[in-house]
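Down below is the structure, laid out as structure tokens.
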Amino acid sequence: MRSDNQSFLWDPPKDFILLGISDRPWLELPLFVVLLVSYILAMLGNISIILVSRLDAQLHSPMYIFLSHLSFLDLCYTTTTVPQMLANMGSSRKTISYGGCTVQYAIFHWLGCTECIVLAAMALDRYVAICEPLRYAIIMHRPLCQQLVAVAWLSGFGNSLVQVVLTVQLPFCGRQVLNNFFCEVPAMIKLSCADSAVNDTTLAVLVAFFVLVPLALILLSYGFIARAVLRIQTSMGRHKAFGTCSSHLVVVSLFYLPAIYIYLQPPSSYSQEQGKFISLFYSIITPTLNPFIYTLRNKDVKGALRRLLARAWRPCRR
């Protein structure tokens, strides 16, 4: 009997129930529409950024190498979570298999960590462009950009691997109900019925390293940028310099503020009710807004989009 009980405690459930907003059924249809529209816009916007960055020769600079990877990350971000959320909202069965849940939080954390480092690399690019303009082409050469991107993806994978290895060992004692829209490591730790001190500590250390260190590098880069810009004599020159950085600063704020709130508190004190809506924000709203932020505030991207559309439209007029 004891061995049967132990097996019950340690055997993983076959699936999890994702509550989402089941306690507010009147919100399901409006949220379904918002998610569907946001997902379509995120797909269109990020695919457009990737295409113009690859196809337009004027956008083959380091900044747009990083931007195309950021758009690819956002594309994967939304695809990892939103289709599952839409399927659950359109069904009475709001479940996800144990394996599907594991894959979801593994990919989600891989992409999140990678994006932290890509945003830091973009800040480095802006620092060199403004503070070392004459040496920009020498410092930010293509192999270096590719190495920075590779480090970002490999670091994200390493972080995700550690989180997955620790999380799959947690027992759930038959608990299946996740008060969230999708699977995340803090929510999984909260659901566990065992002592999660090791998981809490590991998550805190990894988040401190992969979130706070890139954020500190971003803030340091912009500190040097601000000092350099304030030395520019003309107001037009200062406006142009700040204009090249404003889009990146907005994207950094949209990404980091929710992530810091979610991950820089112990999972044991993690508020699932607040956390699930903040997770919803940075998993769909931020990836939807990013391409429009870069497009609306960037003359190069707008010009490249016009050229790409003109090229696509030309055969149709013949």
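All values below come from the heavy atoms of this structure, side chains included, with hydrogens, waters and symmetry mates left out. Counting from 1, the numbers follow the sequence of the chain as shown.
- Closest approach of M188 and L170 over heavy atoms only: O-CD1, 4.3 Å.
- The two residues Q163 and T202 make their nearest non-hydrogen contact at NE2-O, 4.3 Å.
- The aromatic rings of H248 and Y222 sit parallel to each other, their planes meeting at less than 30°, with 60° as the upper class boundary.
- Looking at heavy atoms from C-beta onward, M43 lies out of side-chain contact with I40 at the 4.5 angstrom threshold.
- Minimum interatomic distance between T95 and N88 (heavy atoms only, all atoms of both residues): O-OD1, 3.5 Å.
- Looking only at side-chain heavy atoms (C-beta outward), I285 and L289 come within less than 4.5 Å of each other.
- Across all non-hydrogen atoms, the minimal contact from I278 to P258 is CG2-CB, 3.5 Å.
- Contact annotation: the side chain of F16 never approaches that of S97 to less than 4.5 Å [non-hydrogen atoms, C-beta and beyond].
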- Could you walk me through whether L217 and L124 pass the side-chain contact (heavy atoms from CB on, under 4.5 Å) test, one step at a time? CA-CA 8 Å; L217 292 174; L124 172 66; over 6 Å; no
- Message: Is there a side-chain contact (heavy atoms from CB on, under 4.5 Å) between F32 and V37? Walk through the geometry before answering.
- Response: CA-CA 9 Å; F32 180 90; V37 172; over 6 Å; no
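- Checked by atom type and distance alone, the side chain of H109 pairs as donor or acceptor with a backbone atom of V185 at under 3.5 Å.
- In this structure, the side chains of S68 and R54 come closer than 4.5 Å at one or more pairs of heavy atoms.
- Using a 4.0 Å cut-off between charged nitrogen and carboxylate oxygen, K94 and E28 count as a salt-bridge pair.
- Residue D125 holds its CG atom at 10.0 Å from CG of L144, rounded to the nearest 0.5 Å.
- A donor-acceptor distance shorter than 3.5 angstrom exists from the side chain of W110 to the backbone of W153, with no hydrogens or angles considered.
- The main-chain N or O of P171 is found under 3.5 Å from a side-chain atom of S192 such that the two form a donor-acceptor pair.
- Rounding to the nearest 0.5 angstrom, the gap separating the CG atom in L18 from the CG atom in N180 is 7.5 Å.
- With contacts defined as side-chain heavy-atom distances shorter than 4.5 Å, the pair Y256/I218 qualifies.
- In this structure, L86 CG and L31 CG are separated by 9.0 Å, a value rounded to the nearest 0.5 Å.
- Nearest heavy-atom pair across P83 and Y39 is CG-OH, 3.9 Å.
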- Verdict with reasoning, F108 to S283, per side-chain contact (heavy atoms from CB on, under 4.5 Å): CA-CA 9 Å; F108 191 78; S283 66; 3.9 Å; yes
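- Rounding to the nearest 0.5 angstrom, the gap separating the CG atom in N46 from the CG atom in L67 is 9.0 Å.
- Taken together through direct or relayed side-chain contacts under 4.5 Å among Ile, Leu, Val, Met, Phe, Trp and Tyr, V252 and V118 form part of one hydrophobic cluster.
- Side chains of S160 and Y105: no donor on one and acceptor on the other come within 3.5 Å.
- Side chains of R126 and I225 form a contact here, defined as non-hydrogen atoms less than 4.5 Å apart.
- Taking a 6.0 Å sphere around CZ of F209, one finds it holds 12 or fewer heavy atoms contributed by other residues, nucleotides or ligands.
- L111 and I65 are assigned to two separate hydrophobic clusters, defined by single-linkage of ILVMFWY side chains at heavy-atom distances under 4.5 Å.
- The CG atom of D74 sits 10.0 Å away from the CD1 atom of I49 when rounded to the nearest 0.5 Å.
- A heavy-atom distance below 4.5 Å is not found between the side chains of F182 and V82.
- Taken together through direct or relayed side-chain contacts under 4.5 Å among Ile, Leu, Val, Met, Phe, Trp and Tyr, L249 and V251 form part of one hydrophobic cluster.
- Remark: F72 CZ is loosely packed, at most 12 non-hydrogen atoms of other residues, nucleotides or ligands lying under 6.0 Å away.
- I189 and V198 fall into different hydrophobic clusters, where Ile, Leu, Val, Met, Phe, Trp and Tyr side chains are chained together by heavy-atom contacts under 4.5 Å.
- By the rule that hydrophobic residues join a cluster once side-chain heavy atoms approach within less than 4.5 Å of another member, L166 and L161 end up as members of separate clusters.
- We find the OH-SG distance between Y136 and C131 to be 12.5 Å, quoted to the nearest 0.5 Å.
- For the pair T81/I284, no side-chain contact is recorded, criterion being any heavy-atom separation below 4.5 Å from C-beta on.
- Below 30°, between 30° and 60°, or above 60°: for F224 and Y127 the angle between ring planes is between 30° and 60°, a tilted geometry.
- Residues passing the side chain to side chain donor-acceptor pair (under 3.5 Å) test with Q146: none are found, sequence neighbours excluded.
- A side-chain donor-acceptor contact under 3.5 Å links Q169 to the backbone of V165.
- T80 places no side-chain N or O within 3.5 Å of a backbone atom of Q104 that could act as its donor or acceptor partner.
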- Task: Report the C-alpha distance between D15 and Y98 in whole Å, list the side-chain angles of each, state the deciding distance to 0.1 Å, and finish with yes or no for side-chain contact (heavy atoms from CB on, under 4.5 Å).
- Result: CA-CA 5 Å; D15 50 37; Y98 179 83; over 6 Å; no
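- Heavy-atom neighbours of F157 CZ from other residues, nucleotides or ligands within 6.0 Å: at or below the threshold of 12.
- The minimum heavy-atom distance linking V164 with A106 is given by the pair CG2-CB, 3.4 Å.
- The closest donor-acceptor contact from the side chain of S155 to the backbone of A152 lies at 3.5 Å or more, if one exists at all.
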